[in-house]
Structure formats: C-alpha cells, structure tokens
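Data block below; observations after.
Here is how names work: the chains are called A, B, and so on, in the same order as the sequence lines, proteins then strands, and each is numbered from 1.
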2 protein chains.
Amino acid sequence: MHSSKRVLFLDLVLSLFRLNGLLIAEGDAMTEQLGLTSARWKVIGAIALSTAGLTVPGIARVLGQSRQAVQRITDAMVQDGVLAYMPNPKHKRSVLVTLTDEGMRIYNILREVQDPWAIENTEDIPSEELETTLRLVHRLIKKFDK
Amino acid sequence: MHSSKRVLFLDLVLSLFRLNGLLIAEGDAMTEQLGLTSARWKVIGAIALSTAGLTVPGIARVLGQSRQAVQRITDAMVQDGVLAYMPNPKHKRSVLVTLTDEGMRIYNILREVQDPWAIENTEDIPSEELETTLRLVHRLIKKFDK
DNA sequence: GAGGCAATGACAGCATGCTGACATTAGCCA
DNA sequence: TGGCTAATGTCAGCATGCTGTCATTGCCTC
C-alpha cells in the first residue's frame, strides 16, 4: 500500500531531523573537553580516515557539505594548531590538510570517548537492524545526491 | 561482536549527518515555489498536525528545538501572513500559533508536492525495511533525548 | 493569600550551514 | 600550443540552529 509507506516515510524524515539535532548535541558534549565541536569532529574524522591526504574541497565532498563551510572550519582549526596546511605536489594552490601532532593527540583521545559511546548505544540493537538501517540510509543518500 | 557494531554505528551516524543535509535541500527545493523553506516547512507541518493548538514553546518541544529558534521562524511567518497569533484562553502571555487562510492554502498545495515525493522515494523500498529503520531511529531518539 | 519555582517572551551573541560572486589556476581538447 | 571549462580560494551575506540573560507571568505549595 502506497499510503502507508508514504506516512512511514514522512514520519521517518521528521524523526531524522530530530535525531540529527540530538546527534549534534551528543557530538558537542563528547568533544567538549577536547576543545572540539561537532563540526570540527566531522572534519578531523574525515582527515584521520583518509590515507592519501585531503584538500578542503575534498573534505567537503566526503562530508557532503559546501567547500566554503569546510574552509571556515579548517581555517579556525589551523589557527588553533590542530590542523596544518601542507604543500600539495599535485596542485599549486589547493593545499593538503593534515593533522598536527596536537591534532593526532586529540584524535586519539577522541577515539577513547567515541568508541565506548558507539558500543554503549548499540548494546541492545541487533546487528541486522543496524545493517538494514544503514543500507536504507545509503540508498536514500544515493537517491538525493545528484 | 562489539567492534563490528561499533563501526556500523559510527558509519550510520556520519551517514545521517549527510542525509540530513540532503533532506534539508530536498525540503528547500520542494517548498521553494510556495515561499517556504525547510525550517518553515517543519513549523507549518507541526501546526497543521496539532488538533488543540500550539504555543511557540509547544512547537519547539514537538520539533525538539529551542523555543528561541522557533520563535524567530514564527515571527517571520506571521510577518508574511502565513501564521497568526491568537489569544490563548489558558495563558495570558503565551499565545497560540494558527494558520491563516493563506497558511492553509499553502499547506494544501504543499501536500500535493510532498505526498508524491514521499511515494516516489519509497517505491523500491520494502515496508519492513522502513519500519525497522523508523523503529531504530525512534529508539535512538529516546536514548539521546533526556 | 503569599512566596517561590518553572515557563515564557524578548534580545543578544555565536557557530555552522548555505548561496552568490569574482579572480585565479588546472586540466583537457581542438 | 591556445583557449575554454571546471575547480579552487576568498569574501560577503543570509538562514537557522544554539546558548545566555533578564524581566514577567503562571502555577503550585504552604
């Protein structure tokens, strides 16, 4: 029945708006002691997970955000000594964003908070449900990201 | 295995951030011709769904946002003639927010865009997956909302 | 009825997203 | 090689979240 899926979907969309706000609050609380915010948490995570090195527009593509928004965050984090801009052998103007020693230290501490948080919040959730949800979310992302 | 659920969950969280941005963009595109934005879409939806009438803090509680953020939106929408503040018999200062005739007209047109959008985007998704996802999202909301 | 605590309105400041615009550089194709 | 188009840096403006603060009103309890 279309109508019931329609209602389910609209409920899901509103719930996702709500959950997004709560997750940002969680991220802010978790990273507060480290001098981070949820926005910087996302950026530092993207850089830490990249193997080859990322430029500012590259981070923006990974996070699905505008390059201008990411640029503002990275500029602030470079100012704070967490990130550094390194010459990019492949591009004269578009520098690579890297973690400083301080940035790596923070990322390591971050994981000590983040990992238990992730484990704790999935204790009572079966893997199959997580997988179904993740698959559906990825499908929706692919659908809307054109 | 904890570790695999941990990774699934962190992947899910990042994906939800991404999807949230895409959904806001969808909402903006869908409501653009109506002179709305995704933020106003949420507010008008909350009011339209309420039977008893809502105050500004009441809308904020429904949406899980700060009352100040909602107040700014409703003030602008009253300015635009979409919403109106009505006396609240139960409270001298906290007025009720209602749809004007123009607001109801817009909400009806909105549904003509929103419903096909919801149906179209769930065509290839089984109901069971939608239900599983919605249930999981609600569980996470309950977990984080204290 | 009086007092105290919670809820609300109002204003301010800030963080984080977005878009637009413009100059410069890279990269590709004729 | 020359030139066109896309990608990038940069600055600006704006929308939408948040928090903090303070005065006022509601409500509950004593």
Q) Are A:T74 and A:Y85 linked by a side-chain donor-acceptor pair shorter than 3.5 Å? A)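 The answer is yes; a qualifying pair exists.
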
Q | Exercise: do A:S38 and A:D28 side chains pair donor with acceptor under 3.5 Å | A |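 Side chains of A:S38 and A:D28: pair found under 3.5 Å.
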
Q. Does A:R93 make a side-chain donor-acceptor contact with the base of C:dT24, cut-off 3.5 Å?
A.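 Checked by distance alone, the answer is yes.
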
(Q) Does C:dG17 have its OP1 or OP2 closer than 4.0 Å to a side-chain nitrogen or oxygen of A:S66? (A)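 For A:S66, the contact criterion (side-chain N or O under 4.0 Å from OP1 or OP2 of C:dG17) is not met.
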
**Q.** Side-chain N or O of A:R61 closer than 4.0 Å to phosphate OP1/OP2 of D:dT8
**A.**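 Indeed, a polar side-chain atom of A:R61 lies that close.
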
Q: Would you mind reading off the bend of the helix from C:dG1-D:dC30 to C:dA30-D:dT1 from its two end axes, five pairs each, to 10 degrees?
A: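 Roughly 30°, once rounded to the nearest ten degrees.
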
Separation of [N] [atom2] from [X] [atom1] (nearest whole Å):
X     : N      : atom1 : atom2 : value
A:Q65 : C:dT19 : CD    : P     : 11 Å
A:N88 : C:dA26 : CG    : P     : 10 Å
A:N20 : D:dT16 : CG    : C1'   : 12 Å
B:I59 : D:dT16 : CD1   : C1'   : 16 Å
A:L63 : C:dG17 : CG    : C1'   : 12 Å
B:Y85 : C:dT8  : OH    : P     : 14 Å
B:Q71 : C:dA12 : CD    : P     : 14 Å
A:R72 : C:dC14 : CZ    : C1'   : 11 Å

Which listed nucleotide ([options]) is nearest to the side chain of [X]?
X     : options                : result
A:R67 : C:dG9, D:dT8, C:dT16   : D:dT8
B:Q68 : D:dG9, C:dG9, D:dT21   : D:dT21
B:K42 : D:dT21, C:dC18, D:dG17 : D:dG17

If every non-hydrogen atom of [X] is compared with every non-hydrogen atom of [Y], which pair is closest and at what distance?
X      : Y      : value
A:R6   : B:A118 : CG-CB, 3.5 Å
B:I44  : B:I106 : CD1-CG2, 4.3 Å
A:Q114 : A:M30  : CA-SD, 4.0 Å

(Q) Starting from B:L54, can I reach B:L96 by hopping between I/L/V/M/F/W/Y residues whose side chains sit under 4.5 Å apart? (A)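 As far as the 4.5 Å side-chain criterion goes, B:L54 and B:L96 are not connected within one cluster.
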
Q. Any chain of hydrophobic side-chain contacts (each under 4.5 Å) joining B:V62 to B:M86?
A.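 Each belongs to a different hydrophobic cluster.
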
Q. Checking all strands, does A:S94 fall into the base, sugar-phosphate, or nothing category for heavy-atom contacts under 4.0 angstrom?
A.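 Sugar-phosphate: the residue A:S94, judged by heavy atoms under 4.0 Å, touches backbone atoms but no base.
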
Q) Base, sugar-phosphate, or nothing for B:I24, non-hydrogen atoms under 4.0 angstrom? A)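 No contact.
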
Q: Specify the residues of residues 27-40 of chain A, ordered by number, for which at least one heavy atom lies under 4.0 angstrom from an atom of DNA chain C.
A: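 Heavy-atom contacts with DNA chain C come from A:T37, A:A39.
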
Q. Which comes earlier along DNA chain C counting from the 5' end, the contact point of B:V95 or that of A:I73, where each point is its nearest nucleotide?
A.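 Upstream on the strand: B:V95.
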
Q.
Between the side chains of B:R135 and A:E129, is the shortest nitrogen-to-carboxylate-oxygen separation below 4.0 Å, so that they form an ion pair?
A.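 Yes, this pair counts.
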
Q. Salt-bridged, A:D124 to B:K143, with N to O below 4.0 Å?
A.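 The answer is yes: the pair qualifies as a salt bridge.
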
**Q.** Residue pair A:N121, B:F9: steps toward the side chain to side chain contact (heavy atoms under 4.5 Å, CB included) verdict
**A.** CA-CA 8 Å; A:N121 285 304; B:F9 184 67; 4.0 Å; yes

